Amino acid sequence: QIVEEDSDSDEAPAAAAPKAKASAPAAATAPAPGFKRMQIVEEDSEDEPVAGQVAAQPPPKATSASEAEPFPEIKVEHSREGVEKAKNQANTLFSQGSVDEAVRWFSKGLWVVEQKKATGVPADLHSILHSNRAFAYIKLKKWAEAEEDCSKALVLNPKNTKAKYRRAMARYELGKYAAAKDDMEEMLKELPDASSNKEAQDLKSKIEQELQKAAPKQQAQANQGTSNEGGWRRMQIQQVDSDEESDEAPPAKAAPPQANGVVQAATKAPAPGFKRMEIQEASDDESDEAPAAAPAKKTPASAAEPFPE
C-alpha cells in the first residue's frame with residue numbers, strides 16, 4: 001500500500017512524540033475551514049491478496065468443438081496401431097449393418113490422428129479413414145458430409161480412387177452433375193479395365209442423362225437472354241433518334257396513334273429475344289399529382305342572408 005502525502009506538509013516538531021512507524025502516514029497540516037482532510041491511497045496492481053481473501057483464478061481455456069474428444073466411451077490407443085484397430089473395428093461394424101456405430105469409430109480414429117495424439121500415422125491411412133466414413137455417410141444419405149469427407153481424403157491422397165467414385169455418387173445426389181462427371185472420368189482413367197466395372201458405368205450414364213436434360217433448359221435461358229443469378233432480367237432499351245420523330249409517315253399508311261396530343265415516332269423492331277418498351281421522361285414542370293382544389297370562397301357576414309326562415 002502506497003500513501004501519497006502532500007509535499008507542502010510540515011514535519012512534526014522535534015519535541016513531539018517519538019517518530020511513528022514508517023508505515024504510518026506523516027502528520028499533515030490542518031485543513032482550511034469548511035474542508036475535511038481525506039487520505040488518498042494508491043493501490044499497486046501487483047498487490048498481493050489480503051489474507052483470508054481468495055485470489056481470482058483465470059477463466060479456463062475454452063475448448064473448440066474440433067479439439068473436444070468425441071465419443072469418450074470409445075477407447076482408442078494413441079498410436080498408429082490404435083488407429084488401425086479403430087479403422088478395422090469400424091469396417092466390421094459397417095459390414096454388420098451398424099452404420100451409425102461405424103461412423104463413431106471412424107470419427108474417433110480421425111480425432112486421434114488430427115489432434116496429433118498419435119505419431120507416425122501415414123497419409124494413406126488418414127485418407128482411408130475419411131473415404132470409408134464417406135461411404136458410411138452415403139449409406140445414411142448424408143450427401144454433403146460424404147462429399148466433404150471425400151474431398152479431404154483426396155487432399156491427403158489424390159490417388160484414392162474410391163474417394164473419387166464416392167464423391168461422384170454424393171455430387172450426383174446433390175445435383176452437381178458437371179462436377180460428378182469430372183470425378184467419374186478421372187476415376188475411370190485410373191481403373192485397369194473400366195468397361196468391366198458395371199456400377200461405375202451405370203453411374204456415369206445417369207450423370208450424362210441428367211446433363212442432357214439440363215442442356216435444353218440452359219440453351220433456352222441463353223436465347224432469352226435471362227440470367228438466374230440475383231433474380232434480374234436483362235432487357236434492351238432503344239433510344240429513338242430525334243430525326244426519326246420529325247419524319248412523316250408515308251402517305252399510303254395511316255398516321256401513327258397519338259398519346260396526349262403527341263405523335264409517337266415509329267421505331268425499329270427490337271432484336272430477337274428482346275421486348276420493346278417505351279420509356280417516357282416527365283418534365284420537371286409537370287406534376288404527377290392532381291392539382292389541389294381551390295378552397296371554397298368564404299362568404300362575408302354582411303353578404304349572408306339574414307333570417308332565412
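Being a predicted model, the structure only gives us computed values, none of them experimental.
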Exercise. Kindly write out the residues that satisfy side chain to side chain contact (heavy atoms under 4.5 Å, CB included) with Thr161, not counting sequence neighbours, or none if the list is empty.
Key: Met187, Glu190, Leu191
Quiz item: Of the non-hydrogen atoms in Gly82 and Val76, which two are nearest, and what is the gap between them?
Solution: O-CG1, 3.5 Å
Quiz prompt | Partner residues of Asn91 under the side-chain hydrogen bond (donor to acceptor under 3.5 Å, both in side chains) criterion, sequence neighbours left out | solution = Asn132
Exercise. Identify the two heavy atoms, one from Trp111 and one from Ala68, that lie closest to each other, and give their separation to 0.1 Å.
Key: NE1-O, 3.3 Å
Practice problem: Only pairs at least two apart or in different chains count here, so list each salt bridge (Lys or Arg N to Asp or Glu O under 4.0 Å) that has a residue in residues 102-119. | Solution: Glu69-Lys108, Glu73-Arg104, Glu101-Arg104
Quiz item: Going through the distances and angles, do Tyr165 and Met184 end up as a side-chain contact (heavy atoms from CB on, under 4.5 Å)?
Solution: CA-CA 6 Å; Tyr165 176 68; Met184 286 303 301; 3.9 Å; yes
Practice problem: With sequence neighbours excluded, give me every salt bridge (Lys or Arg N to Asp or Glu O under 4.0 Å) pair touching residues 80-89. | Solution: Glu84-Lys87
Practice problem: State plainly whether one hydrophobic cluster holds both Leu129 and Val155, where clusters connect Ile, Leu, Val, Met, Phe, Trp and Tyr through side-chain heavy atoms under 4.5 angstrom apart. | Solution: no
Quiz item: Does Leu154 share a hydrophobic cluster with Leu156, counting links as ILVMFWY side-chain heavy atoms below 4.5 Å and allowing steps through other members?
Solution: no
Practice problem: Give a yes or no on this: more than 12 heavy atoms of other residues, nucleotides or ligands lie within 6.0 Å of atom CD of Gln96. | Solution: yes
Self-check item: For Ala136 against Val103, the heavy-atom pair lying closest together
Solution: CB-CG2, 3.6 Å
Quiz item: Just how far is it from atom CG of Asn197 to atom CG of Leu188, taken to the nearest 0.5 Å?
Solution: 7.5 Å
Self-check item: Heavy-atom check, side chain of Leu125 versus side chain of Val113, under 4.5 Å
Solution: no
Quiz prompt | Donor + acceptor pair across side chains of Glu77, Ser79 (<3.5 Å) | solution = yes
Exercise. Sequence neighbours left out, what pairs pass salt bridge (Lys or Arg N to Asp or Glu O under 4.0 Å) with at least one residue falling in residues 118-140?
Key: Arg133-Asp149
Exercise. Not counting sequence neighbours, which residues clear side-chain hydrogen bond (donor to acceptor under 3.5 Å, both in side chains) with Lys189? List them please.
Key: none
Quiz item: Once you round to the nearest 0.5 Å, how far does CD of Glu145 lie from CG of Leu140?
Solution: 9.5 Å
Quiz item: Taking only residues at least two apart or on different chains, which pairs with a member in residues 167-176 satisfy salt bridge (Lys or Arg N to Asp or Glu O under 4.0 Å)?
Solution: Glu147-Arg171, Glu147-Lys176, Arg167-Asp183, Arg171-Asp183
Quiz item: Which residues satisfy the salt bridge (charged side-chain N to carboxylate O under 4.0 Å, His left out) test with Glu210, sequence neighbours excluded?
Solution: Lys213
Quiz item: Which residues pass the salt bridge (charged side-chain N to carboxylate O under 4.0 Å, His left out) test with Glu208, sequence neighbours left out?
Solution: none
Practice problem: Would you indicate whether the side-chain heavy atoms of Asn160 and His130 approach each other to under 4.5 Å? | Solution: no
Exercise. State the CD1-CE distance between Ile207 and Met169, to the nearest 0.5 angstrom.
Key: 10.0 Å
Practice problem: Could you check Lys164 against Cys150 for side-chain contact (heavy atoms from CB on, under 4.5 Å), going step by step and ending with a plain yes or no? | Solution: CA-CA 7 Å; Lys164 290 180 183 178; Cys150 289; over 6 Å; no
Quiz item: Does anything in residues 76-107 pair up under ring-ring contact (aromatic ring centres under 6.0 Å, His included), and if so which pairs, sequence neighbours excluded?
Solution: Phe94-Phe135
Practice problem: Could you state whether Leu93 and Ile74 fall into the same hydrophobic cluster, counting links through intermediate Ile, Leu, Val, Met, Phe, Trp or Tyr residues with side-chain heavy atoms under 4.5 angstrom apart? | Solution: yes
Exercise. Mark yes or no for whether Ser127, through its side chain, and Ala153, through its backbone, hold a donor-acceptor pair below 3.5 Å.
Key: yes
Quiz prompt | Qualifying ring-ring contact (aromatic ring centres under 6.0 Å, His included) pairs, either residue in residues 187-215, two or more places apart | solution = none
Quiz item: Could you go step by step and tell me if Ile128 and Asn157 meet the side-chain contact (heavy atoms from CB on, under 4.5 Å) rule?
Solution: CA-CA 9 Å; Ile128 290 171; Asn157 180 15; over 6 Å; no
Quiz item: Minimum heavy-atom separation for Val83 to Ala118, with atom names?
Solution: CG2-CB, 4.5 Å
Quiz item: Asp202: what forms a side-chain hydrogen bond (donor to acceptor under 3.5 Å, both in side chains) with it, not counting sequence neighbours?
Solution: Lys198
